[in-house]
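The chains referred to below are lettered A, B, ... by the order of the sequence lines, with proteins before strands, and numbering in each begins at 1.
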Amino acid sequence: MSENEDAVATARDTKYFIDRYGLSPADADHDMLLRMIEDMFADGLVTEVEPFPETDREFGKLLDILRPLSADELREKLVISGWILEPYGPDRMRCQECMYYLVHRRWCDLPELNLPAKPDWWCRLWRI
Amino acid sequence: MANLLWLQGGACSGNTMSFLNAEEPSACDLVTDFGINILWQPSLGLELGENVKTILKKCISGEIKLDIFVFEGTVVNAPNGTGEWNRFCGRPMKEWVKELSEAADFVVAIGDCATYGGIPAMAPNPSESVGLQFLKRAKGGSLGTNFKAKSGLPVINIPGCPAHPDWVTQILVAVATGRAGDLTLDEFHRPKTFFSSFTQTGCTRNMHFAYKVSTTAFGQRKGCLFYDLGCRGPMTHSPCNRILWNRHSSKTRAGMPCLGCTEPEFPFFDLNPGTVFKTQTMMGVPKDMPTGVDKVGYIKLTAAAKGMAPKWAEEDIFVV
C-alpha cells in the first residue's frame, strides 16, 4: 500500500470511529477503547491469528509492520496482531500470562499495540 | 615484591582502561601498598622496542623472576596458524605468550578475549583467535588443556567486556600476597569468589522479575529487562550488581540489559539488527531460561506470579 493509500485508509478509519462514537481511538479512554474493540469483533472483524511468530525474528517482523501505525489505526493493529477475544490453543494462552500484560491496568504494554485488554483475550504477539 | 608483566594480543585495550580505573585497590595501590612491581604494561611501560624485548627475554630466561603474567586480548593464530598477524617485539605474540606462560608462577587472563576468545573469535574468526586456555566453552585454547603455571594453577580467568577493575586488582593482590591458595576456580577457571552468583543478584529490578512485569522500552525504570529486552542477568555469572561499576551503578541499574559478557559464549547474539536487545524466543517462550529453571516450571511460575502481582509492580516507583 502506498503512502497515499495509507493516509486514505487512516482517514476512513478515523471517520468511522468519529461517526460511531463521537471520537477517534487516539482520544478514547480505557473503557471506550475496550468498547470499540469489542464492537469491531461483534461486527465480524477477522484477524490474522496465524501464522504464530515462532521465533523472535518473525516476531520482530510483525512489530516492524505495527510500529508505523497511528493510534487511530485500531483495526489494522488488531488484524495484524491476530487479536482475539478468547484464549488460544490447547494451552489456553491468554493475555493474563503474557509478559506485556499489566494485570492491574488491564493494559497491553507492548509499545506497538498499547491497548486495553481483558485477561482472557489473546493475540499472536503473546510471549511469556 | 611480585613482578608483573602485562601484554596485549587481539585486544581493544578496554581491560587496560578498566584496570586503570580500579579503586579497591587502585592500580597505584598495587605498587605502593601490595608490593607489585609492574615490569611492563602497554599503557604504563616506559620502555620501547628493544628495551621491551630485553625485559621479555630476561623473564623467559629467569634472569628476572616472573611472578605474574597478565594477558589481555586473544592469542592470534592467523594466518594459517603462524600468528604473523600479531607480531610483537620481532616475533609472533603467540610465541611470547607460550614462553612467558611457562616461565611465570601465575598466568592471569583478563577480559573475554584472553579468557574465551570473545568478539574476535566469533565465527568466521578470521584472525584464528583463541583464549589462553579456552575457545568459548571448549578447553584447550592457546596453552592447551593441561597447562599449569609454575604455581600449579591453570590460567586464572577474569572474564568481562571489560572485566571490572576491582576483580582484576583484587585477584592480582591475592596472588601477589601469597593468598592464591584461597582462590577456588570454577569449571571455566573463573574465581568463584566473583563468579558464583548471578548478575541478577542484587539487581534493583528483581521485584519486577519476581512479579513478571516487563520493561518494554529503553528508558523505563519499571519492569525487568529479561522478558523482552534480552537481558541475560538471570543466567550470567558475575557480581556486577554486588561490586558496582564506578562504585554506584551497573548495566541493569542504568536500564541496559546484561549481555552475558562473563560467560564463555559471549557474544550470544548473531549481531544482526534487532536481535541484540531482544529476548530470543521460541513459540513465545524464552530460549534461554534463568539458570536452573525449566520451561514447565517457568510457565507455572509466571502464571502464579502474574496472578498475585501487586499494583505497585506495574508502576514506576523510582520517583525523582
When rounded to the nearest 0.5 angstrom, what distance separates [atom1] in [X] from [atom2] in [Y]?
{"X": "B:Glu315", "Y": "A:Arg105", "atom1": "CD", "atom2": "CZ", "answer": "9.0 Å"}
{"X": "A:Ile128", "Y": "B:Ser214", "atom1": "CD1", "atom2": "OG", "answer": "12.5 Å"}
{"X": "B:Lys306", "Y": "A:Leu102", "atom1": "NZ", "atom2": "CG", "answer": "6.5 Å"}

Under the side chain to side chain contact (heavy atoms under 4.5 Å, CB included) rule, what do A:Trp107 and B:Glu314 come out as? Steps first, then yes or no, please. CA-CA 10 Å; A:Trp107 191 268; B:Glu314 296 179 358; over 6 Å; no
Largest heavy-atom contact set with chain B, pairs under 4.5 Å, which of A:Gln96, A:Met93, A:Glu58: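 Sorted descending by pairs with chain B, the first entry is A:Gln96.
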With chain B, which of A:Pro53, A:Gly60, A:Cys98 has the greatest number of heavy-atom pairs at distances under 4.5 Å?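 Going by pairs under 4.5 Å, I would pick A:Cys98.
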Under 4.5 Å from any heavy atom of chain B, what part of A:Leu63 do you find: side chain, backbone, both or neither? side chain
With chain A, the option among B:Pro310, B:Ala217, B:Cys224, B:Gly307 that has the most non-hydrogen atom pairs under 4.5 Å is B:Pro310
Exceeds 12 heavy-atom contacts within 6.0 angstrom, atom CG of A:Asp29: yes
Whether over 12 other heavy atoms sit under 6.0 Å from B:Arg253 CZ: yes
Side chains of A:Met99 and B:Thr279: closer than 4.5 Å at any heavy-atom pair?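 A:Met99 vs B:Thr279: side chains apart.
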Going by heavy atoms in the side chains, are B:Thr216 and A:Leu110 under 4.5 Å from each other? no
Closer than 3.5 angstrom, by distance alone: can the side chain of A:His104 be matched with the main-chain N or O of B:Trp312 as a donor-acceptor pair? no
Donor-acceptor check, side chain of B:Lys278 to backbone of A:Phe59, threshold 3.5 angstrom: yes or no? no
At under 4.5 Å between heavy atoms, what parts of residues 281-302 of chain B are in contact with chain A? List them by residue number. B:Thr281, B:Met282, B:Met283, B:Gly284, B:Val285, B:Pro286, B:Lys287, B:Tyr298, B:Ile299, B:Thr302
